[in-house]
Amino acid sequence: MAYWLIKSEPDTWSWDQHVKKGADSWTGVRNHQAKVHLQTMKKGDKAFFYHSNEGKEIVGVSEVTKEAYIDPTDKTNAFYAVDFKAVEPLKTPVKLAALKADKNFADMVLVKNSRLSVQPVTADEWKAIRKLGGLK
DNA sequence: GCCAACGTTGGC
DNA sequence: GCCAACGTTGGC
């Protein structure tokens, strides 16, 4: 089981919308590094749902329900989409600022390369952030 | 709203 | 194939 972090601007697609929809497709990724990560995802993998711009915090946990397929919104067929369903919200959102202030997360991709929209998360980071978010 | 960081494009 | 110019993202 691998862990990931997916980013969305709440103006475009928020956690609340994600929860209401249940499962939805993560389309529109037009970055090759992010694409590689999408292709690596397996059904059942978990991902943190991060709000960029507004909030700048990790707000929930999602799960991969469908592995990478050609992004229907991409006419060149060069990019991929993955389906996610919302699993559970964090009891306390984990702020980017809090991660930056904590040395344990100094190497985290979110801290180092904030522009990447789909990122891997290590098992250690996963556990620590769940804890910070008030989950077991 | 600004601007730094990054990716992409296109001229040479 | 290099690199300057440009566009986009996202933190501040």
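Letters A, B, ... mirror the listed sequences (proteins, then strands); counts begin at 1.
Grouping Ile, Leu, Val, Met, Phe, Trp and Tyr residues whose side-chain heavy atoms lie under 4.5 Å apart, directly or via other members, places W15(A) in a hydrophobic cluster with W4(A), I6(A), W13(A), V19(A), W26(A), V29(A), L38(A), M41(A), F49(A), V59(A), V64(A), V82(A), F84(A), V118(A).
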Taking only nitrogen or oxygen atoms into account, show me every contact under 3.5 Å that the protein makes with nucleotides 1-5 of chain C, one pair per line with its distance.
none

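K66(A) is linked by a side chain to side chain contact (heavy atoms under 4.5 Å, CB included) to Y69(A), D83(A), counting only residues two or more places apart in sequence or in another chain. Every residue was checked against the side-chain hydrogen bond (donor to acceptor under 3.5 Å, both in side chains) condition with W126(A), not counting sequence neighbours, and none meets it. For D71(A), the side-chain hydrogen bond (donor to acceptor under 3.5 Å, both in side chains) partners two or more places apart in sequence, or in a different chain, are R30(A), T73(A).
Taking CG of D107(A) as the reference point, atom CG of D124(A) lies at 11.5 Å (rounded to 0.5 Å).
A cation-pi contact, defined as under 6.0 Å to the ring centre and within 45° of the axis, links K35(A) to F79(A).
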Worksheet entry | Contact letters for nucleotides 7-12 of chain C, in which S counts primed atoms plus P, OP1 and OP2 and B counts the base, heavy atoms under 4.0 Å | -BBBBB
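Panel note: side chain Q119(A), backbone L110(A); a donor-acceptor pair is recorded below 3.5 Å.
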